[in-house]
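Report on one structure; see the data block that follows.
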Amino acid sequence: TAASDAIVLAPTGNAGGSLQVNGSSPVTFLSLETLTVDADGGAGDALTVNASAGNDSVSITSTNVTVNGQSLTLANEESIVANLGDGDDSATVTASAVPVTVNGGTGSDTLTVLNGAAGTTVTSSAVTVGANAAITDTATETVALTGSGVVTVQGTGSNDTLTINPAIQTAQINGGATITYASATAVTADGAGGTNDLVQVNGTSSNDALTVTRGATTTVTGLGGVTV
């Protein structure tokens, strides 16, 4: 409608599913090979996509959401929420001006962010790529960044432990989700607002050669390049 709408979409496969707008009775659709969800003119239109109880594969852009191969075109949505539900699920998100929230649910879930060459900041609850809107995540076990831009692993306002494993290109914030950055050119660990933050840079089981340069920041190199 012309007002702000709350739209709930539940694809079920085989070009079917259900659609609900603003608490109205859900509309079930079958065999619709082409479906466009257009929120029209509201300033705060929100789309919620509910996946299944199985193992789901979801991809999200500002103009499309695909669930287990079922592609749905989007228009004029101001926010998108994906509830992955049960199962071992994966969600792939392309950063844009539209904020996206991915709720992993139960199982072992992975959020993959296509961040390109833009600098990317990862906190314990969100990924922000360049000047794009944040991608918020809950209950995901892995956050995978595919791009080459510098990654900033950022703590909270409290005391944090930031763990960086440059040899295997992973990181963690306070023992949370595993962050992977296979193609990043460098990683910055930012304790943010805490007064007693710990940055732990782990080597390997082999003989490692690390170079530590102290200054306004501390640069650690030798295992892929980590800037603290």
Side-chain angles (χ1 to χ4, degrees), residues 79 81-82 84 88-91 93 95 99-228:
S79 65
V81 175
L84 302 184
D88 298 336
D89 306 306
S90 63
V93 180
V100 174
T101 298
V102 176
N103 298 318
T106 60
S108 180
D109 304 308
T110 299
L111 168 63
T112 299
V113 177
L114 306 182
N115 59 319
T120 301
T121 299
V122 185
T123 71
S124 58
S125 61
V127 179
T128 303
V129 179
N132 292 294
I135 301 166
T136 303
D137 68 293
T138 65
T140 56
E141 283 67 41
T142 301
V143 175
L145 308 176
T146 64
S148 60
V150 174
V151 174
T152 297
V153 178
Q154 189 176 78
T156 68
S158 302
N159 297 329
D160 301 300
T161 298
L162 308 181
T163 304
I164 312 293
N165 304 296
I168 57 174
Q169 297 168 310
T170 67
Q172 280 185 299
I173 303 170
N174 298 325
T178 298
I179 303 161
T180 67
Y181 51 91
S183 300
T185 54
V187 175
T188 296
D190 179 3
T195 58
N196 192 24
D197 297 308
L198 171 66
V199 177
Q200 178 175 313
V201 180
N202 293 327
T204 70
S205 58
S206 302
N207 297 327
D208 301 313
L210 298 179
T211 301
V212 180
T213 305
R214 298 294 299 273
T217 62
T218 299
T219 303
V220 182
T221 59
L223 289 172
V226 178
T227 302
V228 180

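Side chains included, hydrogens not; waters and symmetry mates left out as well; all remaining heavy atoms used.
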Problem set entry | Heavy-atom closest pair, residues Val129 and Ala95 | CB-CB, 3.7 Å

For this session: Report yes if some heavy atom in the side chain of Asn202 is under 4.5 Å from a heavy atom in the side chain of Gln200; otherwise report no.
Result: yes

Problem set entry | Side chains of Thr123 and Thr156 in contact at under 4.5 Å (non-hydrogen atoms) | no

Exercise. Where the side chain of Asn174 meets the backbone of Thr161, is there a donor-acceptor pair that is under 3.5 Å apart?
Worked result: yes

Seminar exercise, completed: Residues at least two apart in sequence or cross-chain that pass side chain to side chain contact (heavy atoms under 4.5 Å, CB included) with Thr110, listed by chain then number, are Thr112, Thr142

Exercise. Side chain to side chain contact (heavy atoms under 4.5 Å, CB included) between Ile179 and Val127: does it pass, once the steps are laid out?
Worked result: CA-CA 10 Å; Ile179 303 161; Val127 179; over 6 Å; no

Exercise. Does the side chain of Pro99 come within less than 4.5 Å of Thr136's, by heavy atoms?
Worked result: no

For this session: Please examine the side chains of Thr120 and Val113, heavy atoms only from C-beta on, and report whether any two atoms are closer than 4.5 Å.
Result: no

For this session: Calculate, to the nearest 0.5 Å, the distance between atoms CG and CG belonging to Asp160 and Leu198 respectively.
Result: 10.0 Å

Problem set entry | Rounded distance [0.5 Å steps], OG in Ser125 versus CD1 in Ile135 | 12.5 Å

For this session: Kindly indicate whether the side chain of Thr178, heavy atoms from C-beta on, has any atom under 4.5 Å from the side chain of Gln172.
Result: yes

Exercise. What's the shortest heavy-atom distance between Gln169 and Ala182, and which atoms?
Worked result: NE2-O, 3.0 Å

Exercise. Got a second to check how far Thr146's OG1 is from Tyr181's OH, nearest 0.5 Å?
Worked result: 15.0 Å

Exercise. Gly107 and Glu141: which non-hydrogen atoms are nearest, and at how many Å?
Worked result: O-OE1, 3.0 Å

Seminar exercise, completed: Correct closest heavy-atom pair for Ala126 and Asp137 would be N-OD1, 3.6 Å

Exercise. Just how far is it from atom CG of Leu145 to atom CG of Asn115, taken to the nearest 0.5 Å?
Worked result: 5.0 Å

For this session: For the residue pair Asp109 and Leu111, establish whether any side-chain heavy-atom pair is separated by less than 4.5 Å.
Result: no

For this session: Kindly compute the distance separating OG1 (Thr140) from CG (Asp89), expressed to the nearest 0.5 Å.
Result: 11.0 Å

Exercise. Going through the distances and angles, do Asp88 and Ser108 end up as a side-chain hydrogen bond (donor to acceptor under 3.5 Å, both in side chains)?
Worked result: CA-CA 5 Å; Asp88 298 336; Ser108 180; 5.0 Å; no

